[in-house]
Peer 1: 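Structure incoming, see below.
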Amino acid sequence: MNIRNFCIIAHIDHGKSTLADRMLMGTGAMDDRTRQDQALDSMDLERERGITIKASAVSVDHVYKGENYELNFIDTPGHVDFHYEVSRALAACEGAILVIDATQGVEAQTVANLYKAVDADLEIIPVVNKIDLPSAQPEERALQVEQVLGLSAEDCIFTSAKSGEGVKELLDAICERFPEPRGVVGEPLQALIFDAKYDDYRGVIIYFRVVNGTMRKGDRIRMMKIGRTFYVTELGKFRPEMTPTQEPFEAGDVGYMVAAIKTLEDVHIGDTITLDTRPAEKALPGYQEPAPMVYCDFYATGDTQFDDLRDAITKLHVNDASFTFDPTSSEALGSGFRCGFLGMLHMDIIQERLEREGDVSLVQTAPTVTYEIAMRSGEVIHITNPADLPDPSLINQIREPMVKAEIILPTKSIGDIMKLCDQRRGVYKGQKFLSDDRQILDYELPLAEIIYDFFDKLKSITSGYGTMDYQVDEFNADQLVKMDILVNGAQVDALSVIVHRSKAEIRGRALLKKLKEEIDRHMFEIPLQAVIGGKVIARENIKAMRKNVTAKCYGGDVTRKRKLLEKQKKGKERMKRIGTVDIPQEAFMAVLDTG
Ligand code: GTP
């Protein structure tokens, strides 16, 4: 059997998932009757948001020059937060299809993902997609592929994932140009775990690729990292549903495995599976653990208990090992988990998946970055929670993470984007020409200044045409201070933030204003204060009054009144009482709107 293993990579929205659908249809794995859009985006959340969050694998058959080929492909997410998913997918493949939108051309993640594929030593087929659109410029884009990406324009395949045009040529090119799987069938088994999912009935389902050797149903396998052994009870392929097979899996095969694995800790993404009777000498290199970029706390609220939250987090972690979690406690909020994420979108998605899949209600604190603290004693520590900052008199320097950012944008927006970078304490590093009307700007920026709303600002200034990719670089010292927030005279540790000295007053005032909007009036007056080093830099008051929410409705409209009450009830579920003051979820995130 001929096998080709490849993944689809692209900048966000350039049409990967739609092209994957077309390839499923083009190979008969899905027809008009069974067809559903974005078949591989199987999570509700992915369909609702129209984005790919998790890489997903699928096997299809294609006949090329009279021979049968099994094509195993992995659709990957495009957003910068999910780079880690892309790296994992690449490690299981020999080829990559690089999709480029014929109306947009090369964008920031096109470049970033291409570099990753080249680093992983993959063969690349550039695909110019959406050629059905009137504003498509296929020839210009092919030229750009050559000039900017260094791939040959002649190698480009032109497709419309919408109409199906060019998809057959693409499938043929995959068989023709991508190499056969590397690996030796006769060697001891080495299979790479590239993903996993927890199933309440069957235990952990492992997604894997056999790199060397053979695996059969009934084999006793060993996880090389922890040494635990299991019997394989089911082997199968994604077509695209999980379909069991009796055939052995040989080097190059991609699929899933069930082995009655009930303990989540036994499965590690990136671990190597081998045979217990004839183990491989060495594990495969696996993956580099991704470093979290932003941290926040989750606390159980409503009917959810701490143990429920722990269960939900542990289960989700099997499916997404790229977030970290550690127990923590807050004076104000009690026991919870400090979690680390690859970016803000990742954080949002995990919080939403916990609530949906784990059925828990939680309160989340504002995200922060990691800070490096150089103590006077010479010791260097890292903190991921402003509340953990040691006594300022013991601190020599507070350092923050910096990123190297590459911004691709229309030439006419350069002035405005430079101004924005300036406001965000950015340092200009250079400028490159991309095409007549597009440039690449290089900046060094503090991570804390870009994680919240920088993308939104970039998009709105460039009318959607600006894109950015970034990599975390080193820590840099700056004039950073901790700002504490007092609610009704009591310091709320979960509201503390680390800010730049020059922006402290403005942010303090903005934060209190926002808190004043979010916290309902109580029976008593609630003073709010922002404090730096014991000195009050801003204050506000929430006046006393029993707030009658329905009073706003001036009688009349009953449905509106009911809606308002329901909204208030819902808000209450995600609320924490601190002292005698009820603080809603929104208040903990208030700091995000004050950048
Ligand atoms: P992420 O997974 O979020 O990174 O996005 P993606 O690259 O998978 O893009 P997706 O397939 O979700 O497509 C983005 C949008 O482009 C959708 O609205 C598609 O319907 C549309 N689209 C994709 N391919 C084509 C095409 O060939 N022609 C036209 N006209 N629209 C297309």
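Note that this is a predicted model, so its numbers are computed, not measured. We count ligands from 1, going down the list as the structure has it; atoms in each ligand are counted the same way. These values consider heavy atoms only, across backbone and side chains, with no hydrogens, waters or symmetry-generated copies.
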Peer 1: Give the atoms of ligand 1, by number and element, whose distance to some non-hydrogen atom of I12 is under 4.0 Å.
Peer 2: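 This gives 3 (O), 4 (O) as the contact atoms.
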Peer 1: When you check the gap from the basic side-chain N to the acidic O, do R4 and E180 get nearer than 4.0 Å?
Peer 2: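 Salt bridge: no.
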Peer 1: With a cut-off of under 6.0 Å to the ring centre and 45° to the axis, is K168 in cation-pi contact with Y64?
Peer 2: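 No - K168 does not lie over the ring of Y64 by the 6.0 Å and 45° rule.
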Peer 1: D132 heavy atoms, cut-off 4.0 Å: which ligand 1 atoms fall inside?
Peer 2: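 Checking each atom against D132, I get 26 (C), 27 (O), 28 (N), 29 (C), 30 (N).
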Peer 1: Give yes if a backbone or side-chain nitrogen or oxygen of G15 is under 3.5 Å from a nitrogen or oxygen of ligand 1, and no if not.
Peer 2: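 Among all N and O atoms of G15, at least one is under 3.5 Å from an N or O of ligand 1.
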Peer 1: Which is closest to atom 21 (C) of ligand 1 by heavy-atom distance: K130, K162, Q109?
Peer 2: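 That would be K130.
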Peer 1: Examine F337 together with Y299 and report whether their ring centres are nearer than 6.0 Å.
Peer 2: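 No, ring centres 6.0 Å or more apart.
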Peer 1: Quick test of your reading: applying side-chain hydrogen bond (donor to acceptor under 3.5 Å, both in side chains), list the pairs with at least one residue in residues 133-142, sequence neighbours left out, ordered by first then second residue.
Peer 2: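 Only Q137-R141 qualify under side-chain hydrogen bond (donor to acceptor under 3.5 Å, both in side chains).
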Peer 1: Can you name the atoms of ligand 1, numbered from 1 with element, that are less than 4.0 Å from a heavy atom of S17?
Peer 2: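 With S17 as reference, the close atoms of ligand 1 come out as 2 (O), 6 (P), 8 (O), 11 (O).
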Peer 1: Taking only non-hydrogen atoms of S160, do any sit less than 4.0 angstrom from ligand 1?
Peer 2: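 Right, S160 reaches ligand 1.
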Peer 1: At a non-hydrogen distance cut-off of under 4.0 Å, which region of T18 contacts ligand 1 (side chain, backbone, both, or neither)?
Peer 2: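 Within the 4.0 Å criterion, T18 contacts ligand 1 through backbone and side-chain atoms alike.
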Peer 1: Give the atoms of ligand 1, by number and element, whose distance to some non-hydrogen atom of N129 is under 4.0 Å.
Peer 2: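 Within the 4.0 Å cut-off of N129, ligand 1 contributes 24 (N), 25 (C), 27 (O).
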Peer 1: Could you tell me, atom by atom, which parts of ligand 1 come under 4.0 Å of a heavy atom of A161?
Peer 2: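 Once the distances to A161 are compared, the set is 24 (N), 26 (C), 27 (O).
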Peer 1: Salt bridge check: are R424 and D453 linked by an N-O gap of less than 4.0 Å?
Peer 2: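 D453 and R424: salt-bridged.
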Peer 1: Tell me the nearest of R22, K16, H14, H11 to atom 1 (P) of ligand 1, using heavy-atom distances.
Peer 2: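 That would be K16.
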Peer 1: Please enumerate all residues that pass side-chain contact (heavy atoms from CB on, under 4.5 Å) together with K459, with sequence neighbours excluded.
Peer 2: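 For K459, the residues satisfying side-chain contact (heavy atoms from CB on, under 4.5 Å) (neighbours in sequence not counted) are T467.
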Peer 1: Identify whether the distance between the nearest side-chain nitrogen and carboxylate oxygen of D442 and K432 falls below 4.0 Å.
Peer 2: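 Judged by the 4.0 Å cut-off on N to carboxylate O distance, D442 and K432 do form a salt bridge.
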